[in-house]
Structure formats: structure tokens, C-alpha cells
Number of protein chains: 2
Amino acid sequence: MKDGVDRRSRILTTAGELFAARGVQTTTVREIGDAVGVLSGSLYHYFDSKEEIVLEIVSAFIGELRDRSLSVAASTSEPVSCLRELFAATTDVLLAHQDACLIYQNDATCLNTWPGFRPLADQMREIHLIWAGVVEDGVEAGHIRVEVDPSLFAYLAIDSICDSLNWSRSVDGVGFATVANICTEVLLSGCLNQ
Amino acid sequence: MKDGVDRRSRILTTAGELFAARGVQTTTVREIGDAVGVLSGSLYHYFDSKEEIVLEIVSAFIGELRDRSLSVAASTSEPVSCLRELFAATTDVLLAHQDACLIYQNDATCLNTWPGFRPLADQMREIHLIWAGVVEDGVEAGHIRVEVDPSLFAYLAIDSICDSLNWSRSVDGVGFATVANICTEVLLSGCLNQ
DNA sequence: GTCTATATTGAGATAGAC
DNA sequence: GTCTATCTCAATATAGAC
């Protein structure tokens, strides 16, 4: 209990920044300790392993993304509006979990080799199915082009919004929110009829 | 000299598959040796380091992608046709370098920490500038919507085509070429005027 | 050119004093 | 709850015989 925020949270935040910037495997527990201002061994008072730190960061992100996506899909029946709201909700959640999203994106291959990541991979699949379902409804309602495979568009949309984080750090003068909005507009108008 | 193909090439191919499937850092030189049918130490007769193996695989991919993109941009003046041809050329190059592309995508954070990757990162920036230039021409010619930031669209397009590789392995019954084509159509019609 | 054997390093993690 | 000190292990890479 210090600094106004408890140490455990500080470790999660700091580790998240390092993991996002340099990758999970490249970041050592010693670097995390240094950045927090504590010896690496002391981290193990709060966490059982480095893996546990990563999973806690990423699960907060994926969990919230799933909950928000579910509630959007449940509350909006018109497919195209619903799709637009899914974009907005996703952008919103990413804003609050930028490091976690970067970790998930950039270290997916690594995370997928961890048995402890299974439940999170399942949640991501759930999110993907929510999007694909909405797109499918849109196709059936005649608003979305039939050539657009729902499952594929779901991947395209979700990954693009997540990638916006990376891009907004490379394109100067343009913030993440703006980048995400442009992605949304391009992808939406690219999938709609006429 | 064996199997009709020399061992050095076999090492590159096999290592590429492993790196693409499980990540660069997760794959050990012992696993590569096992897969090739040779002891890990013997790999060092052909390469100075594991890093060198990775860089050789990825540089073949990025080099070809750069050359093809340059020649497309040089030979086609009408922006929208040129953009369409960039999509096609990129899809084409990826088909021949699937593993390399997956490595580049999934281990970018790791590669970026290697000094030896610098020149390849520069080549990728070159490719990005080619795309952005073409999009900018399209905006000025009035064919592409002004809201579409050229640099951003370049990221969106290139990353989406590369990601198609991952997606085509998840969406069953749809090959990479089809996935890449749908991406191309959605992104093109999403950025064009009217 | 491939092997056996091993050097070397750096990482995650632990034990126990304070 | 943090430190000192260290264990353990796995990975890259090397030396030298065959």
C-alpha cells in the first residue's frame, strides 16, 4: 500500500507497458522489477509466475470486450446499426486496454502455446461469433453484400480495429480514436450494398 | 547435397514452418535440428546463428514484396488500377512466402529489437510509402474519398492482406486467395467515392 | 558435413533472513 | 513485504573427433 495505488496494480500496469513495447518473451522479470522499483524476486509475492501476470492483464481486456460485445448484440436488433455499435464499443474498450490489446495482438502465437490461455482464446472466439452473426443477419436482410463472408469480415473488422493501435503510433498527428473511426467507415461502406 | 534439394535450403524451409507455427522465440534450434533430421550443432555449419536463419527467410519475402510493389507503381499510372494491382501483386508474393509473412506479422515486436532487422524494416517502410503515394494520387484525382488518410489506408491494406493468411487457416473451406480477394474488394469499395 | 560433448549464458523461480 | 543469495534449467553456441 503506497503511492496511492497498491503495488500489485502498479506491477500489472508497468509490466503491461513493457510487454506491449518489447514483447512478452523479450521482457524479463528483472526488467519488470527494475521498472517497478523492486527486485525481481519480490514480484513473486504477488504473482505465482510471469505467465500469471500476462494472463491477468490480457483477461481483463478480453473479458470486458466480450461483455460489451454481448450487450451490444443483445440490445440492438437492426444489423447495420448493431455492426456500427460493435465497432464503437470495441474502439471504446481498446482505449481502456491499449497495452493488453497490443500484447494479445503481437504475442498471440506465444500465448496460444500456454494452456492457461485456452479460456481466453475461447472468449475471443465467442466475440468473433457475435460479429459474424450480426454480419450474417445483415446479409440476409439484404443490407450487406452476399460476397462478404460473415466469419471473414468479423476477423477483418476486429483485427483492423486492434491494429489501429499500432498504426496510430506510426502515423503522426492522428490519434487512435480517429484511426479507429476511419477504419470503421472504410470497412462499413466497403461491406454495404450499393 | 541430398534429397534433390541441398540441406541449407531444407533447413530454411523447415525452420520457416516451425517459426510460423509456434513463433520465433518459442522454437528452439534443437527442434529445428530434429525436424530436419540433424543435430542442432550441425545447423551452425550453415548459419552463424538462429537469428541469421530468421533474417534470411524474412528478407527473401520482404525483398520480393518491395521489388514487385515498385514495378507495379512504376508501370501503372491510373491510381485506382494501380491500387488494385498492388493488392494482386501482394497477394501473389504472399502465396510464395506464407511462412515468412506469418513470421513477420506475428513476431514483429521481437524482430524489431534486432539490429540486423533494421534494413528490412526500412524496406517495409518503403513499401508502405509506395501504397500511400498511390492512394494520395487517387484522392487528388477525386477517385478516393478525402476522409481516407493515405498512410493509414496503406497500413490497413497491407496488414489485412497479410492477416488473410491467418484467417484463411481459421475459416474453413476458404483458401487464402479467396480471402485475399474478398479483403481487396471490401477495402477498395470502402475507400472509393460514391 | 555430421557427430559427441560441453561451454556459456541468461532466464524464471525459490529459500530464508530481515 | 522486500531483500540477499542462489538454484535450476533450458537455450544458444562452440570445440574438436570422426
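Letters go in sequence order (proteins before strands), and every chain restarts at 1. Computed over heavy atoms, backbone and side chain alike; hydrogens, waters and symmetry mates excluded.
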Where the side chain of [X] is concerned, which of [options] is the nearest nucleotide?
X: B/Y46; options: D/dT2, C/dG1, C/dC3; result: C/dG1
X: A/V38; options: C/dG12, C/dC3, D/dT2; result: D/dT2
X: A/Y44; options: D/dC3, C/dA13, D/dT12; result: C/dA13

Which whole-number value in Å describes the distance from [X] [atom1] to [N] [atom2]?
X: B/D34; N: D/dA11; atom1: CG; atom2: P; answer: 11 Å
X: A/L43; N: C/dT14; atom1: CG; atom2: P; answer: 12 Å
X: B/E31; N: D/dA13; atom1: CD; atom2: P; answer: 15 Å
X: A/L39; N: C/dG12; atom1: CG; atom2: C1'; answer: 15 Å
X: A/I53; N: C/dA11; atom1: CD1; atom2: P; answer: 15 Å
X: B/E52; N: D/dT12; atom1: CD; atom2: P; answer: 15 Å
X: A/I11; N: C/dG12; atom1: CD1; atom2: P; answer: 15 Å
X: B/I32; N: D/dA13; atom1: CD1; atom2: P; answer: 10 Å

>> Is the shortest side-chain heavy-atom distance between B/T178 and A/L152 below 4.5 Å?
In response: no

> Can you find a side chain N or O atom of A/H45 that sits less than 4.0 Å from OP1 or OP2 on D/dG1?
Replying inline: yes

>> Between B/S42 and C/dG1, is there a contact of a side-chain N or O with OP1 or OP2 at under 4.0 Å?
In response: no

> Any donor-acceptor pair under 3.5 Å joining the side chain of B/R30 to the base of D/dA10?
Replying inline: no

> Taking atom types as they are modelled, is there a donor-acceptor pair under 3.5 Å from the base of D/dG1 to the side chain of A/R7?
Replying inline: no

> Between A/I11 and A/Y46, is a side chain to side chain contact (heavy atoms under 4.5 Å, CB included) present by the stated rule, with each step listed?
Replying inline: CA-CA 9 Å; A/I11 294 172; A/Y46 300 95; 3.5 Å; yes

>> By nearest heavy atom, map A/D48 and A/T26 onto DNA chain C; which one lands nearer the 5' end?
In response: A/T26

> Do the rings of A/W131 and A/F87 sit parallel, tilted or perpendicular, given the 30° and 60° boundaries?
Replying inline: perpendicular

> Hey, does B/T28 reach any base, or is it just sugar-phosphate, or nothing, if we go heavy atoms under 4.0 Å?
Replying inline: sugar-phosphate

>> So for atom CZ, which belongs to B/R66, do other residues, nucleotides or ligands contribute more than 12 heavy atoms lying within a distance under 6.0 Å?
In response: yes

> Does B/E56 use its side chain to pair, donor to acceptor, with the backbone of B/I53 at less than 3.5 Å?
Replying inline: no

